[in-house]
2 protein chains.
Amino acid sequence: MQCSFSNQEQILQLLKGLNNQISPKFERCTGITSTRYELLHLLYETEEINQSNLQKAVNIDSAAITRHLKQLEANGMVTRRRNPSDNRVIFVCLTEEGRKQIVGYKKEKINFVNQMLLDFKPEELESLSDMLNRMQHNIREY
Amino acid sequence: MQCSFSNQEQILQLLKGLNNQISPKFERCTGITSTRYELLHLLYETEEINQSNLQKAVNIDSAAITRHLKQLEANGMVTRRRNPSDNRVIFVCLTEEGRKQIVGYKKEKINFVNQMLLDFKPEELESLSDMLNRMQHNIREY
DNA sequence: AATCAATTATTGACCTATCAATAAATATAG
DNA sequence: CTATATTTATTGATAGGTCAATAATTGATT
């Protein structure tokens, strides 16, 4: 197949294709969705946090956050309560059960990521992370 | 927030978050989904191609391909016919209308990608594309 | 030739995202 | 103080993706 995609144009497709492949494999390997994992991980580090902050941290919209957290609450991983001094916001907090679970997930995630980034040198990782951040920044205003 | 994610671990989330942001913006800017665009683009370069090859090229599963192509057919962008010498496979082909449309889409896509990759040097693009391919390769067997 | 295996496409069920509309609480302006 | 605007979370509708099951055709084995 003649390659009439410029390098620039290919990047977008690579990104999309890579993500399509990663998502189901991540879940199979770790037993949890990567966004759910990220939510739990963030909660692991912060005592209590409101939904809108979580939402911004994870880059999904507020509807998705609501549904994830309700699900996690139903599974006993998370508790939610309204902020007494501002009844609009909801504080989210990891349960003991959630704290226990995340440890196992983390191990699996590290295995997965190690395999995915096999033979990547530290400079490469840094450069990759830098470029992804720049792309994110470049399309911010769109 | 203390950053207890290693660089390795962050990459996965960056990828996912970036994709979440890109997809709707790409569609707003170009008027077409990025996978649909890729399908049309591939068809633009090859006279006729069967679905399973398209599927592999785009990295989505066969169910998704079927639905996309039926939709594109309903919109008059594409024709589908069975391979006479192997009645399992379906040949897909771009219509004249489709050929016309893709030109406009391409222009918009280039604008979008240029903005997204603003200030990226050619070596960076090459390195990025290389790394994404390696990641894809590393998780192939999972 | 007949059975069994593999390939191709399709369908239904499900999950995760988006967007748009809404409700409820708080902040701001006059 | 009241009216208006803004923020936060929720819900319903829609779209794109996966998986699993199926049908239909072809390929292989014996």
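Throughout, a chain's letter reflects where its sequence line sits, starting with A, and its residues are numbered from 1.
Side-chain proximity of B/Ala63 to the nucleotides D/dG17, D/dC19, C/dA17 is greatest for D/dC19. The side chain of B/Asp86 lies closest to D/dT25, out of D/dT25, D/dA9, C/dT10. In this structure, the nucleotide among C/dT16, C/dT18, C/dA9 sitting nearest to the side chain of A/Asp61 is C/dT18. Out of D/dG17, D/dT26, C/dT18, the shortest distance to the side chain of B/Asn87 is found at D/dT26. Residue A/Val89 has its side chain nearest to D/dA9 when only D/dA9, C/dA17, C/dC19 are considered.
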Evaluation steps, side-chain contact (heavy atoms from CB on, under 4.5 Å), between B/Leu40 and B/Ile32: CA-CA 10 Å; B/Leu40 293 181; B/Ile32 194 174; 3.7 Å; yes

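Residues A/Arg88 and B/Ile65 both approach DNA chain C. Their nearest nucleotides, taken by heavy-atom distance, put B/Ile65 toward the 5′ side. Residues A/Pro84 and B/Gln51 both approach DNA chain C. Their nearest nucleotides, taken by heavy-atom distance, put B/Gln51 toward the 5′ side. Map A/Asn53 and B/Asn59 each onto its nearest nucleotide of DNA chain D; the residue landing nearer the 5' end is A/Asn53.
The distance from atom CG of A/Leu54 to atom P of D/dT8 is 13 Å, rounded to the nearest whole Å. If you measure from atom CD of B/Gln21 to atom C1' of C/dC19, you get 16 Å, rounded to the nearest angstrom. The distance from atom CD1 of A/Ile49 to atom C1' of D/dA9 is 15 Å, rounded to the nearest whole Å. Across the protein-nucleic acid pair, B/Phe91 atom CZ and C/dA9 atom C1' stand 14 Å apart, rounded to whole Å. Taking atom CD1 of residue A/Ile90 and atom C1' of nucleotide D/dT11, one finds them 14 Å apart after rounding to whole Å. Taking atom CG of residue A/Asn20 and atom P of nucleotide D/dC19, one finds them 11 Å apart after rounding to whole Å. Atoms CD (A/Gln71) and C1' (C/dT16) sit 12 Å apart, rounded to a whole Å. Atom CD in A/Gln55 sits roughly 9 Å away from atom P in D/dT8 (whole-Å rounding).
B/His68 has a side-chain polar atom (N or O) that falls below the 4.0 Å cut-off from OP1 or OP2 of D/dG17. The side chain of A/Lys70 places no N or O atom within less than 4.0 Å of a non-bridging phosphate oxygen (OP1 or OP2) of D/dA9. In terms of phosphate contacts, A/Arg28 brings a side-chain nitrogen or oxygen within less than 4.0 Å of OP1 or OP2 of D/dC19. Between A/Ser52 and D/dA9, a side-chain N or O to OP1/OP2 separation shorter than 4.0 Å is present. Remark: B/Arg80 is in phosphate contact with C/dT10, judged by side-chain N or O atoms under 4.0 Å from OP1 or OP2.
The aromatic rings of A/Tyr142 and B/Phe112 sit parallel to each other, their planes meeting at less than 30°, with 60° as the upper class boundary.
Dense packing is recorded around CD of A/Glu97, with more than 12 heavy atoms of other residues, nucleotides or ligands lying under 6.0 Å away.
Considering CD1 of A/Ile11 and OG of B/Ser129, their distance stands at 5.0 Å, rounded to 0.5 Å.
Using a 4.0 Å heavy-atom cutoff across all strands shown, B/Ser23 reaches no nucleic acid atom at all.
For the pair B/Arg80 and B/Phe91, the cation does not sit on the ring face, since its NZ or CZ is not both under 6.0 Å from the ring centre and inside 45° of the axis.
Between the side chains of A/Asp86 and A/Asn83, no donor-acceptor pair of N or O atoms lies under 3.5 Å.
Remark: the A/Arg67 side chain and the D/dG12 base include a donor-acceptor N/O pair separated by less than 3.5 Å.
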